[in-house]
Amino acid sequence: MSPALHDLFGVSKPIIAMVHLRALPGRPRHDREAGMRPITEAVARDLAALQDAGVDGLLFCNEADLPYRLSVGPEAAAAMAAVIGEVGREIRRPFGVDLVWDPVASLAVARATGASFVREVFTGVYESDLGIMRPDFGSIAAYRAGIGAESVALFANITPEFASSLGPRTITERARSAVFLGVDAVLISGPITGTPTDIAELRAAKAALPAAPVLANTGVTAEILAVADGAIVGTTLKRGAVTWNPVDHGRAAAFMEAARRAREGAVVG
């Protein structure tokens, strides 16, 4: 079992900031003429702004690789690893990897780059805008062990964006079974990137998992820390609160100040 959230991030209720990569090679929005350099430079700028603002963790993600795939190509994994390698000396926070929606590729890049966790869909079956999502958690866990990545924590999104669960099981049941099967943290998301996490679902998962962390995964405000064990934040920290814009240092710093006050139990305006 991977370390608890406090052991991993050094604080209770950590704020994990998204580091969004521009479109990678092989995807429709990738700028072939410009190549990899602008991607790395943009990541370096966002990384500096986020760390200066005091975030507790980082999550590198190929957010701009629209439309997403259920299995990425080797070019995406290689590009992600290359970018993280380029900025690696500047990383001062625990970091994770998310190659949407491919848990095997995410684990491979995490192992190669020294990441502490991955965020993916590991359990369940979902109808989605990308087709039927049906991760094989048994095979994923075997792959993780096979590459020596047992120390890489598994952050499991059980309400993935752009998708809905097939079958009648409740959030409570799905959260409990995911943890029983071996995930390290459960994530609750809104229906699409940047939309608020459903507070009722968050509360239900928390009630079901008194000993396992439950994090809010989309559309996060500092106030949600009154319920969640932590949060993954992206769009809120961007210039104009637009997902594709650069990180706004002022917004990020203000968010972290609000998060610190929320963690201390103060009322946040």
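Although no hydrogens or angles enter the test, the distance criterion places no donor-acceptor pair under 3.5 Å between the side chain of Thr172 and the main chain of Ala208. For the pair Asp56 (side chain) and Ile15 (backbone), a donor-acceptor distance under 3.5 Å is present. One N or O on the side chain of Lys238 and one on the backbone of Asn245 form a donor-acceptor pair closer than 3.5 Å. Side-chain N or O atoms of Arg111 include one that pairs as donor or acceptor with a backbone N or O of Gly148 at under 3.5 Å. Here the side chain of Arg203 pairs no donor or acceptor atom with the backbone of Val227 at under 3.5 angstrom. Judged by distance alone, the side chain of Arg144 and the main-chain N or O of Glu150 form a donor-acceptor pair under 3.5 Å. Between the Arg27 side chain and the Pro67 main chain, a donor and an acceptor come within less than 3.5 Å of each other.
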CA sep, side-chain torsions, deciding dist, call: Val72, Leu24, side chain to side chain contact (heavy atoms under 4.5 Å, CB included): CA-CA 11 Å; Val72 305; Leu24 300 176; over 6 Å; no
Evaluate side chain to side chain contact (heavy atoms under 4.5 Å, CB included) for Ile188 paired with Val214, printing each intermediate quantity in order. CA-CA 7 Å; Ile188 304 298; Val214 178; 4.1 Å; yes
Let me see the working for Thr243 and His20 under side chain to side chain contact (heavy atoms under 4.5 Å, CB included), right down to the final yes or no. CA-CA 9 Å; Thr243 302; His20 292 146; 3.9 Å; yes
Evaluate Ile16 against Leu215 for side chain to side chain contact (heavy atoms under 4.5 Å, CB included), listing each step before the verdict. CA-CA 10 Å; Ile16 304 165; Leu215 286 78; 3.9 Å; yes
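Once rounded to the nearest 0.5 Å, the distance linking CG of Leu187 with CG of Leu154 reads 11.0 Å. Arg29 contributes atom CZ, which lies 4.5 Å from atom CG of Leu66 (distance to the nearest 0.5 angstrom). Between the CG atom in Leu209 and the CZ atom in Phe180 there is a gap of 13.0 Å [rounded to 0.5 Å]. From Asp184, atom CG reaches atom OG of Ser151 across 10.5 Å, with rounding to the nearest 0.5 Å. Between the CG atom of Leu59 and the OG atom of Ser116 there is a distance of 11.5 Å, given to the nearest 0.5 Å. Taken to the nearest 0.5 Å, the CD atom of Glu201 stands 4.0 Å off from the CD1 atom of Ile171.
The shortest heavy-atom contact between Cys61 and Met18 is CB-CE, 3.3 Å. Heavy-atom minimum distance, Gly190 versus Thr218: N-OG1, 2.6 Å. Between Ile91 and Leu47, the shortest heavy-atom distance links the atoms CG1-CD2, 3.9 Å. Closest non-hydrogen pair, Pro38 versus Arg22, comes out as CB-NH1, 3.7 Å. Here the closest heavy-atom approach between residue Ala64 and residue Trp244 is recorded as CA-CZ3, 3.7 Å. Nearest heavy atom pair, residue Phe117 against residue Leu8, reads CD2-CD2, 4.3 Å.
In Glu75, the CD atom is crowded: over 12 heavy atoms of neighbouring residues, nucleotides or ligands sit closer than 6.0 Å. For CZ of Arg92, the number of neighbouring non-hydrogen atoms (other residues, nucleotides, ligands) closer than 6.0 Å is greater than 12.
With respect to Lys206 and Asp229, a salt bridge is recorded, a charged nitrogen being found less than 4.0 Å from a carboxylate O. In this structure, Arg261 does not pair ionically with Glu264, as no charged nitrogen and carboxylate oxygen lie closer than 4.0 Å. Taking the charged nitrogens against the carboxylate oxygens, Arg37 and Asp31 have no contact shorter than 4.0 Å, which rules out a salt bridge.
Ile39 places a side-chain heavy atom less than 4.5 Å from the side chain of His30. Residues Gln51 and Leu58 have side chains in contact (heavy-atom distance under 4.5 Å, counting atoms from C-beta outward). Inter-residue side-chain proximity for Met80 and Asn62 is flagged as met; some heavy-atom pair is nearer than 4.5 Å. In this structure, the side chains of Glu161 and Asn217 come closer than 4.5 Å at one or more pairs of heavy atoms. Side-chain contact between Asp198 and Thr159: absent, with no pair of heavy atoms (C-beta onward) separated by less than 4.5 Å. Within the 4.5 Å cutoff, no side-chain heavy atoms of Arg45 are placed close to those of Val247. No side-chain heavy atom of Pro135 sits under 4.5 Å from any side-chain heavy atom of Phe122. Using a 4.5 Å heavy-atom threshold, the side chains of Leu5 and Phe155 count as touching.
Ring geometry, Tyr68 versus Trp101: the interplanar angle exceeds 60°, so the pair is classed perpendicular (tilted spans 30 to 60°). Classification of the Phe60-Phe95 ring pair by plane angle, with boundaries at 30° and 60°, yields perpendicular.
Hydrophobic clustering places Val220 together with Ile192 (ILVMFWY residues linked when any side-chain heavy atoms are closer than 4.5 Å, directly or through intermediates). In the hydrophobic clustering of ILVMFWY residues, with side-chain heavy atoms under 4.5 Å counting as a link, Val183 and Leu181 come out together. Criterion: ILVMFWY side-chain heavy atoms under 4.5 Å apart, direct or through other members. Under it, Val125 and Phe137 are not part of a common hydrophobic cluster.
In summary, the side chains of Ser106 and Glu120 do present a donor paired with an acceptor at a separation below 3.5 Å, with no hydrogens or angles considered. A side-chain N or O of Thr193 and one of Glu63 form a donor-acceptor pair less than 3.5 Å apart.
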